[in-house]
Number of protein chains: 2
Amino acid sequence: MTQAGNAQAGPRARQRQARIAQILAGAERVFAEAGFEGASMSELAAAAGLPKANLHYYFGTKEALYTTLLDSILALWLSATDSIRPEAEPAEALTAYIRAKMRWSRERPQASRVFANEVLHGAPYLRSHLAGPLRALVQEKSAVLEGWIAAGRMAPVDPPHLFFSIWAMTQTYADFGAQIGAVLDLPEPDADCFARGTDTILQLVLRGCGLEPPGR
Amino acid sequence: MTQAGNAQAGPRARQRQARIAQILAGAERVFAEAGFEGASMSELAAAAGLPKANLHYYFGTKEALYTTLLDSILALWLSATDSIRPEAEPAEALTAYIRAKMRWSRERPQASRVFANEVLHGAPYLRSHLAGPLRALVQEKSAVLEGWIAAGRMAPVDPPHLFFSIWAMTQTYADFGAQIGAVLDLPEPDADCFARGTDTILQLVLRGCGLEPPGR
DNA sequence: GTCTATATGACGATAGAC
DNA sequence: GTCTATCGTCATATAGAC
């Protein structure tokens with residue numbers, strides 16, 4: 001049996017991991033710009049700095065490359081809700097969550113766009129993950145919010161729909177960056193744009209939930 | 001010179017208009033599901049109930065068909081801000097705007113997705129429209145909000161970013177309907193889902209702007 | 001493991017009969 | 001105006017030398 005992880009792996013396996021990471025990094029860029037159908041294996045190979053055939057050697061098909069990339073992006077996506085825990089202060093938890101999502105839009109806009117493109121077209125490869133792990137996560141975190149509401153620590157709100165709105169507002173700065181940039185006369189959203197966006201979203205969510213900005 | 005409009009046109013021109021509308025209606029569905037590159041002329045022809053060659057007869061190229069469709073969608077998109085006028089009541093104007101955008105997501109999800117896909121991939125065909133008419137519209141409506149803020153009729157807020165958030169929250173119910181449906185265990189967002197979503201968005205925006213729901 | 005050269009098929013677009 | 005048959009191109013994927 002060959003080693004799959006990267007810890008304690010031999011130089012052979014380590015080089016393999018490096019090549020795979022190299023291919024996935026390029027693929028994130030290309031799929032983000034062109035979508036699944038719009039991306040060609042030639043472009044994907046050029047982005048990775050390798051001949052076309054090597055991509056087929058490592059992943060078999062374009063579809064397998066795409067789904068591997070999607071899985072790694074979804075894992076990132078799911079890991080951002082850590083701050084929402086029953087013992088946390090609601091305003092602090094929501095602020096931390098929104099800031100984490102905005103940081104993700106700023107630092108990984110291409111990953112966000114690959115994910116958005118997949119969902120936009122009906123999530124053919126991701127639907128089972130969304131109905132499984134994501135649904136479970138939303139139910140868990142919604143229960144935390146319900147607890148806060150029942151305890152009078154925040155105003156009543158429909159927790160899943162609050163999440164849908166937070167996802168939409170934060171991801172729009174990555175996914176629809178072209179539109180925001182066009183309206184603001186920028187080539188793409190810059191640091192100031194993200195700062196103003198974060199403030200606006202925090203204002204809407206915190207006040208909408210009857211909370212004050214966390215003192216610090 | 002042939003007549004382009006549909007009023008006062010002869011039966012020849014009227015049939016031509018009908019065929020074009022038929023092709024565009026099918027194209028909206030196909031482009032929404034597959035994107036520009038993912039849609040094939042065969043699928044587009046099948047969706048219109050016509051042979052492939054007829055589409056080329058009416059539009060020349062796939063790209064021309066796509067841009068014609070995009071233009072018609074953008075015109076719809078721009079026409080939703082009518083309620084935001086200086087003499088209106090802020091809470092009523094924002095409520096009407098949000099309800100109109102949600103109605104659009106509910107009734108024309110495919111049009112919304114075609115637009116989203118175009119922007120997501122950098123708006124290659126729409127960039128000039130976004131930097132032109134859309135930017136002008138945002139500046140005009142932002143000035144209205146600035147007036148309300150200066151008059152103490154609503155809390156201070158960054159108007160363009162408020163628009164970005166409202167667009168994101170309302171359009172997510174069309175564009176990311178697959179994700180929302182998966183989380184809520186629905187095949188797609190239904191009437192109840194849209195009602196709860198509308199209430200949540202109204203709560204965030206109105207309270208976020210220091211407003212009370214309009215009495216009615 | 002790597003890469004060149006190529007097989008196979010689908011695509012957008014058009015020619016030309018009706 | 002409409003439709004069938006087809007052209008040339010470019011895609012994914014693979015065979016086989018190194």
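Numbered from 1 within each chain, the chains take letters A, B, ... in sequence-line order. Just so we're clear, the structure is a prediction, and the values are computed from it rather than from any experiment.
- We find that CD of B:E43 is positioned 11 Å from C1' of C:dC11, with the value rounded to whole Å.
- Between A:Y57 and the phosphate of C:dT2, there is no side-chain N or O to OP1/OP2 separation shorter than 4.0 Å.
- Close to C:dA13, at under 4.0 Å from its OP1 or OP2, lies a side-chain N or O of B:H56.
- Within the 4.5 Å cutoff, no side-chain heavy atoms of A:N117 are placed close to those of A:R113.
- The separation between B:L55 atom CG and C:dT14 atom C1' is 14 Å, rounded to whole Å.
- Closest to the side chain of A:N54, out of C:dT2, D:dT4, C:dA13, is C:dT2.
- Nucleotide D:dG8 holds its P atom 20 Å from the CE atom of B:M41, rounded to whole Å.
- Cation-pi check for B:K62 over B:F36 is met; the charged atom lies under 6.0 angstrom from the ring centroid and within 45 degrees of its normal.
- Nucleotide D:dT12 holds its P atom 15 Å from the OH atom of A:Y66, rounded to whole Å.
- Residue-level contact check: A:A45 touches neither bases nor backbone, having no heavy atom under 4.0 Å from any strand.
- Between the CG atom in B:D158 and the OG1 atom in A:T200 there is a gap of 5.0 Å [rounded to 0.5 Å].
- The side chain of A:R19 places no N or O atom within less than 4.0 Å of a non-bridging phosphate oxygen (OP1 or OP2) of C:dG1.
- As a whole-Å value, the separation of A:K52 NZ from C:dA7 P is 14 Å.
- Between B:K62 atom NZ and C:dT14 atom P the separation is 15 Å, expressed in whole Å.
- Nearest-nucleotide positions on DNA chain D for B:P51 and A:T61 put B:P51 closer to the 5' end.
- To the nearest 0.5 angstrom, A:T67 atom OG1 is 10.0 Å from A:L126 atom CG.
- Counting to the nearest Å, the P atom of C:dC11 and the CD atom of A:E37 are 9 Å from each other.
- Protein atom CG of B:L44 is 18 Å distant from nucleotide atom P of C:dA10, rounded to whole Å.
- OP1 or OP2 of D:dT2 sits under 4.0 Å from a side-chain N or O of B:Y58.
- Between A:W77 and A:F115, the ring planes lie parallel to each other; the angle is under 30°, not in the 30° to 60° tilted range.
- Among the protein residues, A:F59 comes within range of no part of the nucleic acid, since none of its heavy atoms lies under 4.0 Å from any strand.
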